[in-house]
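Order of the sequence lines sets the chain letters (A, B, ...), proteins ahead of strands, with each chain counted from 1.
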Number of protein chains: 2
Amino acid sequence: MSAESIALDRVLELVVVLNDDMTSSLARAGLTVARAHLLWELRRRGPMTQQALAAAMSVSPRNVTGLVDGLVGSGFVTREPHPTDRRATLVTCTERGSQTAEMLASGQQELAQTLFASMAEPDLRCFTAGLDHVLRLLRDATGDLR
Amino acid sequence: MSAESIALDRVLELVVVLNDDMTSSLARAGLTVARAHLLWELRRRGPMTQQALAAAMSVSPRNVTGLVDGLVGSGFVTREPHPTDRRATLVTCTERGSQTAEMLASGQQELAQTLFASMAEPDLRCFTAGLDHVLRLLRDATGDLR
DNA sequence: TATTGTTATACTCTATAACTATA
DNA sequence: TATAGTTATAGAGTATAACAATA
């Protein structure tokens, strides 16, 4: 197998392991990946309408309705009336939702330390450069504009 | 943001972009990620019972029933009688299934070249070493034995 | 007339439990 | 009695289309 194929294999393995790890960590916090994604957007941008959430997450508005239903049911967010538009609702973190989002953020920082603190500084720089390289090429190949 | 957090951020970005890319490539081939996973196992190990598939994929036998239903419906596999055990079925690739699996394999090799052929050999080695490092630590942290 | 969110409907992935046919 | 696969049931994520309330 070529060095290139070995590298891609490792990347794909990492995707699987990281996904499993995230899924089970989030489950322990009472969240799914999709619901955590929504909570993450709220943390970054504050209370938002469902339309805005749908756009931010690149999913359908209908999908957001379901995710918000779940998060309301588990006490992470509430639907508040929009101050000026009576059609819209402002999805807002509860105290528990905010605390959980902060916990996820600090958990991520901790994971970053766990994975990379033991890596020599030039090695980490080389690794990050490799990731940038791959991300750029992947986005070129798929026409992804981010 | 620390260099460690930047590295993890890039990894997580890569997971998202790669997942989107795979999902849409597979959709063009008439497959979902889960069904492609099943087809991939068949390619590697030949015709298998649904029990064996469930074990290989770490999902429930009931889940395999659904995936096989879908793949039979779209003409990628067939259910053949087991030669000695009349309870069991041997899930077997059709000609189309085999061809598609080979196409996926060569597409992966091509992607590996696209992403890594332009990387200088020492950089690629460093990148791969970084991936190994992260995979090892992640598995240590999560108790994953693979 | 356009937009926001919901109801209606449908497909996929996933799981557990009960059941049938066979070992 | 144990095993292979299915039926029954359920929850989650995703989508489109039709509809109500509001802008």
Strictly under 3.5 Å: I want the nitrogen or oxygen pairs between protein and nucleotides 20-23 of chain D, one per line.
from	atom 1	to	atom 2	distance (Å)
D/dA23	OP1	A/Arg86	N	2.8

Find the distance between [atom1] ([X]) and [atom2] ([Y]) and round it off to the nearest 0.5 Å.
| X | Y | atom1 | atom2 | result |
| --- | --- | --- | --- | --- |
| B/Met103 | B/Arg96 | CE | CZ | 9.5 Å |
| B/Glu95 | B/Thr78 | CD | OG1 | 11.5 Å |
| A/Ser106 | A/Leu111 | OG | CG | 11.5 Å |
| A/Thr49 | A/Gln51 | OG1 | CD | 6.0 Å |
| A/Leu42 | A/Met48 | CG | CE | 7.0 Å |

Any side-chain N or O of [X] under 4.0 Å from OP1/OP2 of [N]?
| X | N | result |
| --- | --- | --- |
| B/Thr89 | D/dG5 | yes |
| B/Thr65 | D/dT6 | yes |
| B/Gln50 | D/dA4 | no |

Distance check needed: [N] [atom2] versus [X] [atom1], whole Å only.
| X | N | atom1 | atom2 | value |
| --- | --- | --- | --- | --- |
| B/Leu90 | D/dG5 | CG | C1' | 13 Å |
| A/Asp69 | D/dG13 | CG | P | 11 Å |
| B/His82 | D/dT6 | NE2 | P | 14 Å |
| A/Leu31 | D/dA12 | CG | P | 12 Å |
| B/Asn19 | D/dT14 | CG | C1' | 14 Å |
| A/Leu53 | C/dG5 | CG | P | 9 Å |
| A/Gln51 | C/dT6 | CD | P | 10 Å |
| A/Met48 | C/dG5 | CE | P | 11 Å |

| Would you call B/Asp69-B/Arg79 a salt bridge at under 4.0 Å N-O? | yes
| message | Give me each pair satisfying ring-ring contact (aromatic ring centres under 6.0 Å, His included) with a member in residues 39-90 of chain A, each pair once, sequence neighbours excluded. | response | none
| query | Does A/Thr92 use its side chain to pair, donor to acceptor, with the backbone of A/Leu90 at less than 3.5 Å? | reply | yes
| said: My understanding is that only residues two or more places apart in sequence, or in another chain, count here; which of them pass disulfide (SG to SG under 2.5 Å) with B/Cys126? | reply: A/Cys126
| request: Identify whether B/Leu12 and A/Leu38 are in the same connected component of the hydrophobic contact network (ILVMFWY, side-chain heavy atoms under 4.5 Å). | output: no
| message | For Watson-Crick and G-U wobble pairs within 3.5 Å on both distances, what is DNA chain D written in dot-bracket notation, | included for inter-strand pairing? | response | |||||||||||||||||||||||
| message | Give me each pair satisfying side-chain hydrogen bond (donor to acceptor under 3.5 Å, both in side chains) with a member in residues 109-125 of chain B, each pair once, sequence neighbours excluded. | response | A/His133-B/Ser118, B/Glu121-B/Arg125
Just the atom pairs and distances: protein N or O near nucleotides 11-14 of chain C's N or O, under 3.5 Å.
from	atom 1	to	atom 2	distance (Å)
C/dC13	OP1	B/Thr32	OG1	2.2
C/dC13	OP2	B/Arg35	NE	3.3
C/dC13	OP2	B/Arg35	NH2	3.4
C/dT14	OP2	B/Asn63	ND2	3.3
C/dT14	O5'	B/Asn63	ND2	2.9

